[in-house]
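Written out below as structure tokens is the structure these notes cover.
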Amino acid sequence: MKKTVDVVIPVYKPGEEFKKLIQKLMKQTVQPEHIFILQTIEGDMAPMQSQDEKIKVYPIQKKEFDHGKTRDYGIRLSEADYVLLMTQDAIPADSHVIEQLLEGFQQEKAGIVYGRQLARKDADILEQMARLHNYPENSMLKTKADLERMGIQTYFNSDVCAMYDRNLYLALGGFSYPTIFNEDMIMASKFIQADYSVYYAADAKVIHSHSYNCRQQFVRSFDLGVSQKQYSEVFASISSEKEGAGFAKNTILTLCKKGRIFKAIYFAWQCGCRLVGYQLGLHYQKLSKKMILRCTMNPGYWEKED
């Protein structure tokens, strides 16, 4: 029997990349039944309109947006066998992304299949190296047996382009919330701990990358630390710092070998910003509200916390 797929995309002030994403989704070899757009709106902002019956737009008030809760809402709108979560700035590299993700569910007990993210053509060398580190050329299946060897990478998963077995997702309770960040890895941990597997499908490719400056790296890492502290039952037993240190060391060595000394120094400074942000996030409960709002990239989250 043919398996059905729906796509869920949270959006906020989408631009040209979002238009390209929709165009690419409409040209996939396996067509989605529906595309659910969860549009964050504020003030007198009007929801988008669609002339295509396949595309459904659901407005979400900005104060109600939550990385876990909003996506959970989208998945529960679906009645398909599988739901593909994407972000508004991820563009399918070809017409086989949905097809390749679906094939990943043929792997033993796969409950989540996520795709490969390729750096944009104009991406900085640091972003290119980061993408290659997190999204290598070879596919892999991750299970509970890999926790000791892979550590936190066992839970790695990205809702930039990740497909979920909807029935399993619902059976496991769905996304945890409130979540400031990391809802995808927290959900992957639920699958892994329930003895299901997470599959990385390297042939399912999307173009998605950002060249963050030091300030942006700091605030992202702060929110990462907050999420790991708030969901310590998931992250406390496996260190992410060792993984980060290994990547940093290899990147600096590679840059030096290529003669990119100043880029290596800049990257080292970025790493310092990430580490400070991450450590502050882990200890956010000791910080004042004013300090937290200066450190986070999601100030609206802290309004809900109040």
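- In terms of the ring-ring contact (aromatic ring centres under 6.0 Å, His included) criterion, Y196 has no residue partners (sequence neighbours excluded).
- For F18, there are no ring-ring contact (aromatic ring centres under 6.0 Å, His included) partners two or more places apart in sequence or in a different chain.
- More than 12 heavy atoms of other residues, nucleotides or ligands sit less than 6.0 Å from atom CD of E33.
- Looking only at side-chain heavy atoms (C-beta outward), Q230 and N182 stay at 4.5 Å or farther from each other.
- Checking side-chain atoms of D223 against main-chain N and O of T296 turns up no donor-acceptor pair under 3.5 Å.
- In terms of the side-chain hydrogen bond (donor to acceptor under 3.5 Å, both in side chains) criterion, residue partners of K54 (sequence neighbours excluded) are, by chain and number, Q31.
- With values rounded to the nearest 0.5 angstrom, S189 atom OG is found 9.5 Å from L147 atom CG.
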Apply side-chain contact (heavy atoms from CB on, under 4.5 Å) to L172 and M187, showing your working. CA-CA 9 Å; L172 293 173; M187 192 67 228; 4.0 Å; yes
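- In this structure, CG in L38 is found 8.5 Å from CZ in F65, a value given to the nearest 0.5 Å.
- For Y212, the ring-ring contact (aromatic ring centres under 6.0 Å, His included) test picks out H210, with sequence neighbours left out.
- The main-chain N or O of E53 is found under 3.5 Å from a side-chain atom of K56 such that the two form a donor-acceptor pair.
- Taking the six-membered ring for Trp and thresholds of 30 and 60 degrees, W302 and F222 have ring planes inclined between 30 and 60 degrees apart.
- Atom OH of Y135 and atom OG of S158 lie 3.5 Å apart (nearest 0.5 Å).
- The environment of K190 atom NZ is dense: over 12 non-hydrogen atoms of other residues, nucleotides or ligands sit within 6.0 angstrom.
- For residues 86-110, no pair satisfies salt bridge (Lys or Arg N to Asp or Glu O under 4.0 Å), with sequence neighbours left out.
- Between D6 and S78 the shortest heavy-atom distance is OD2-OG, 2.7 Å.
- Remark: R76 CZ is packed, more than 12 non-hydrogen atoms of other residues, nucleotides or ligands lying under 6.0 Å away.
- Here ring pair (Phe, Tyr, Trp, His ring centres under 6.0 Å) pairs that include residues 76-111, with residues two or more places apart or in two chains, are Y82-F105.
- The main-chain N or O of S209 is found under 3.5 Å from a side-chain atom of R120 such that the two form a donor-acceptor pair.
- L282 approaches G225 most closely through the heavy-atom pair CD2-O, 3.5 Å.
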What do the steps show when you test V234 against Y155 for side-chain contact (heavy atoms from CB on, under 4.5 Å), and what is the final call? CA-CA 9 Å; V234 175; Y155 295 155; 4.0 Å; yes
Apply the test side-chain contact (heavy atoms from CB on, under 4.5 Å) to residues M163 and L102: give CA-CA distance (whole Å), side-chain angles for both, the deciding distance (0.1 Å), then the verdict. CA-CA 8 Å; M163 188 176 287; L102 276 174; 3.8 Å; yes
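- Residues in residues 251-270 take part in these salt bridge (Lys or Arg N to Asp or Glu O under 4.0 Å) pairs, two or more places apart or across chains: D124-K263.
- Note that CD1 of I9 and CD of Q39 are 12.0 Å apart. Values are rounded to the nearest 0.5 Å.
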Quick one, K20 with E16, criterion salt bridge (Lys or Arg N to Asp or Glu O under 4.0 Å). Give me CA distance, side-chain angles, the key distance, then yes/no. CA-CA 6 Å; K20 292 179 182 178; E16 288 301 313; over 6 Å; no
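- Evaluation of the salt bridge (Lys or Arg N to Asp or Glu O under 4.0 Å) test over residues 154-170, restricted to residues two or more places apart or in two chains, returns R71-D159.
- Between the side chain of T4 and the backbone N or O of D81, at least one donor-acceptor pair lies under 3.5 Å.
- Scanning both residues, S197 and I192, for their nearest heavy atoms gives CA-CD1, 4.4 Å.
- Closest approach of V97 and A204 over heavy atoms only: O-CB, 3.9 Å.
- Sparse packing is recorded around CE of M291, with 12 or fewer heavy atoms of other residues, nucleotides or ligands lying under 6.0 Å away.
- Two residues are said to be in side-chain contact when any heavy atoms from C-beta on lie closer than 4.5 Å; I261 and C256 meet this criterion.
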Side-chain donor/acceptor pairs under 3.5 Å, residues 247-254, sequence neighbours excluded:
from : atom 1 : to   : atom 2 : distance (Å)
N250 : ND2    : G246 : O      : 3.3
T251 : OG1    : F247 : O      : 2.8
T254 : OG1    : N250 : O      : 2.8

Salt bridge (Lys or Arg N to Asp or Glu O under 4.0 Å) between D146 and R149, intermediate numbers included: CA-CA 5 Å; D146 295 308; R149 176 178 62 89; 2.9 Å; yes
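- Counting only distance, with no hydrogens or angles, the side chain of Q28 and the backbone of K24 share a donor-acceptor pair below 3.5 Å.
- Clustering of Ile, Leu, Val, Met, Phe, Trp and Tyr by side-chain heavy atoms under 4.5 Å joins Y12 with I41, M45.
- Listed for the R116 side chain is no donor-acceptor partner under 3.5 Å among the backbone atoms of S139.
- Y199 places no side-chain N or O within donor-acceptor distance of the main-chain N or O of L101, the cut-off being under 3.5 Å.
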Kindly indicate, with the supporting measurements, whether the criterion side-chain contact (heavy atoms from CB on, under 4.5 Å) is fulfilled by K13 and E42. CA-CA 10 Å; K13 297 181 179 179; E42 56 183 330; 3.9 Å; yes
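- Atoms OG and CG, on S95 and L25 in that order, are 11.5 Å from each other to the nearest 0.5 Å.
- Proximity of a side-chain donor or acceptor of T154 to a complementary backbone N or O of G151 within less than 3.5 Å is detected.
- Ring planes of F191 and Y164: tilted class, angle from 30 to 60°.
- Side chains of M150 and F156 form no contact here, defined as non-hydrogen atoms less than 4.5 Å apart.
- A90 approaches L21 most closely through the heavy-atom pair O-CD1, 3.2 Å.
- Few gaps surround CD on E233; more than 12 heavy atoms of other groups in view lie less than 6.0 Å from it.
- Listed by chain and residue number, Y114 satisfy the ring-ring contact (aromatic ring centres under 6.0 Å, His included) test with Y200 (two or more places apart in sequence, or in another chain).
- Between the CD1 atom in I98 and the NZ atom in K27 there is a gap of 14.0 Å [rounded to 0.5 Å].
- Closest of all the heavy-atom pairs between P178 and D66 is CA-OD2, 3.2 Å.
- The hydrophobic side chain of I91 is isolated, with no ILVMFWY side chain under 4.5 Å apart from it.
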